[in-house]
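First comes the structure, then the notes that go with it.
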Amino acid sequence: MNRQEKKALEFRALHAGKPFVIPNPWDAGSARVLAALGFKALATTSSGFAFTLGRLDGQATLAEVVEHAAAIDQATDLPVSVDLENGYGPDPESAALAIRRIAEAGAVGGSIEDYDPAGRIYELQHAAERVAAATEAARGLTFPFTLTARAENHIRGHPVLDDTIARLRAFEDAGADVLYAPGLRTVDEIRAVCKAVSKPVNVLAVPSLTVAEITGAGAQRVSVGGALTWVAVKAFADAATALREGDLSPLAARVPLADWF
């Protein structure tokens, strides 16, 4: 069994076991810290990665994301799932190509969403065709790639739960292994989604809820998106602001790099 197949099987097993948290590193260093802290899998964050390039979310290219995925994969022995946004193109083949490219980079999972950066949610049939194409690409690999399908309604100005559920059901029928609707805010919303589908559901962490509340509502996987990136960036900005004003005390912070690395 090669390294990638081993990671792929470990990732599948996590989705069949106890609910788990999958944090989102933004670079190789943060990936190594998360591995050292005991997490069992990692997922990239499009917004966090874009920040490392000095850009806003949605402004990285597929080639850049593939290179980033390879760096995160090589940083640790943990399975890595990649945030592929819309697959870097509106057509089904773009979604399929994105899956193949990150698989070549070492990833064992990836997500495809139904939002076009041009500013629209894809019509349901077209969105499902894109998931089906990604599924076909994933099934053509030599290891069990875990495909996540995302319904973006709740973070794109259309928080209609019935439509979100209809989309997730269509994505399940199209072959997705994991279903994800970022932006669910309450236990009731999470429970409604989890009851409506039969595949594992990923839920984006909500600061007002606990992991126990989210998993108690039926979620199998809890991710954090770009939130850890912004926690780190805020600490950096706060320290830099103090430095600008003449206060050097924030520079006393120390971290156990020798233990983590």
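The first residue of the sequence shown is numbered 1, and numbering continues consecutively from there.
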Closest approach of Ala103 and Leu141, non-hydrogen atoms and distance? CB-CD1, 3.6 Å
Heavy-atom check, side chain of Ile22 versus side chain of Asn202, under 4.5 Å: yes
Apply ring-ring contact (aromatic ring centres under 6.0 Å, His included) to His158 and list each qualifying residue two or more places apart in sequence or on a separate chain. none
Taking 4.0 angstrom as the limit, do Glu113 and Arg167 come out as a salt bridge? no
Scanning both residues in full, the closest heavy-atom pair of Ala8 with Phe143 reads CB-CD1, 3.6 Å
With side-chain contact (heavy atoms from CB on, under 4.5 Å) as the test, would you mind laying out the steps for His154 and Leu184 before giving the verdict? CA-CA 7 Å; His154 279 70; Leu184 301 179; 4.1 Å; yes
Is Arg156 salt-bridged to Asp114, going by a charged N under 4.0 Å from an acidic O? no
Asp247 side chain to Ser249 side chain, donor-acceptor N/O pair below 3.5 angstrom: yes
Look up atom CG in Leu14 and atom OG in Ser81, then write down how far apart they are to the nearest 0.5 Å. 11.5 Å
Same cluster or not: are Leu168 and Val206 linked, directly or through other Ile, Leu, Val, Met, Phe, Trp or Tyr residues, by side-chain heavy atoms under 4.5 angstrom apart? yes
Looking at Gln59, I want to see if its CD is surrounded by more than 12 non-hydrogen atoms of other residues, nucleotides or ligands under 6.0 Å. yes
Linked, directly or transitively: Val21 and Val201 (ILVMFWY side chains, under 4.5 Å): yes
Looking at every heavy atom in both Ala196 and Arg169, which two are closest together, and how far apart are they? O-NE, 3.1 Å
Candidate pair Val82 and Asp73, rule side-chain contact (heavy atoms from CB on, under 4.5 Å), full reasoning: CA-CA 10 Å; Val82 177; Asp73 172 65; over 6 Å; no
Is the backbone N or O of Gly226 less than 3.5 Å from a side-chain atom of Asn24, with the two atoms forming a donor-acceptor pair by type? no
Heavy-atom distance under 4.5 Å between the side chains of Glu152 and Pro182, does that happen here? yes
Donor-acceptor contact below 3.5 Å, side chain Arg55 vs main chain Thr52: no
Between the CZ atom in Arg12 and the OG1 atom in Thr146, the distance rounded to the nearest 0.5 Å is 4.0 Å
CD of Glu213 to CZ of Arg191: how many Å apart, nearest 0.5 Å? 10.0 Å
Note, Gln4 side chain near Glu104 side chain (heavy atom, < 4.5 Å): no
Over 60° means perpendicular and under 30° means parallel, so tell me whether Phe20 and Phe11 are parallel, tilted or perpendicular. perpendicular
Quick check: closest heavy atoms across Thr135 and Ala174, and the distance to 0.1 Å? OG1-O, 3.2 Å
Would you tabulate the side-chain donor-acceptor contacts of residues 36-45 under 3.5 Å, counting partners in other chains and residues two or more places apart, or write 'none'?
| residue | atom | partner | partner atom | Å |
| --- | --- | --- | --- | --- |
| Thr44 | OG1 | Asp83 | N | 2.8 |
| Thr45 | OG1 | Ser47 | N | 3.4 |
| Thr45 | OG1 | Ser47 | OG | 3.2 |
| Thr45 | OG1 | Gly48 | N | 3.0 |

Check Leu9 against Pro144 and note the closest heavy-atom contact, atom names and distance. CD2-CG, 3.7 Å
Consider only side-chain heavy atoms of I, L, V, M, F, W and Y, link residues closer than 4.5 Å, and tell whether Val203 and Leu147 are in one cluster. yes
CG/Leu84 to OG/Ser94 distance, rounded to the nearest 0.5 angstrom? 11.5 Å
Evaluate the side-chain proximity of Phe145 to Asp177: yes if any heavy-atom separation is below 4.5 Å, no if none is. no
Less than 4.5 Å apart, any side-chain heavy atom of Glu189 and any of Thr164? no
Does some side-chain heavy atom of Asp163 sit less than 4.5 Å from a side-chain heavy atom of Ile121? no
Below 4.5 Å, heavy atoms only, C-beta onward: do Pro23 and Leu228 meet side chain to side chain? yes
State yes or no: do Ile165 and Ile155 share one hydrophobic cluster built from I, L, V, M, F, W and Y residues joined by side-chain heavy-atom distances below 4.5 Å, directly or via other members? no
Hey, is CD on Glu136 packed in by over 12 heavy atoms from elsewhere, all under 6.0 Å? no
Between Asp77 and Lys6, is there a salt bridge with N-O shorter than 4.0 Å? no
Kindly indicate whether the side chain of Arg221, heavy atoms from C-beta on, has any atom under 4.5 Å from the side chain of Thr148. yes
Is there a side-chain contact (heavy atoms from CB on, under 4.5 Å) between Leu204 and Tyr180? Walk through the geometry before answering. CA-CA 8 Å; Leu204 183 65; Tyr180 181 16; 3.5 Å; yes
Separation between CZ (Arg32) and CD (Gln74), nearest 0.5 Å, reads 12.0 Å
Distance col, row Leu243:CG vs Phe236:CZ, nearest 0.5 angstrom, shows 9.5 Å
If you group Ile, Leu, Val, Met, Phe, Trp and Tyr by side-chain heavy-atom gaps below 4.5 Å, do Val197 and Phe171 land in one group? yes
Will you find, in the side chains of Asp238 and Thr241, an N or O donor that is under 3.5 Å from an N or O acceptor? no
Over 60° means perpendicular and under 30° means parallel, so tell me whether Tyr122 and His126 are parallel, tilted or perpendicular. perpendicular
What's the verdict on side-chain contact (heavy atoms from CB on, under 4.5 Å) for Phe261 and Val33, showing C-alpha distance, side-chain angles and the deciding distance? CA-CA 7 Å; Phe261 289 6; Val33 171; 4.0 Å; yes
Smallest separation among heavy atoms of Pro250 and Ala242, with atom names: CG-CB, 3.7 Å
Indicate yes or no for a side-chain donor-acceptor contact from Lys199 to the backbone of Val178 under 3.5 Å, with no hydrogens or angles considered. no
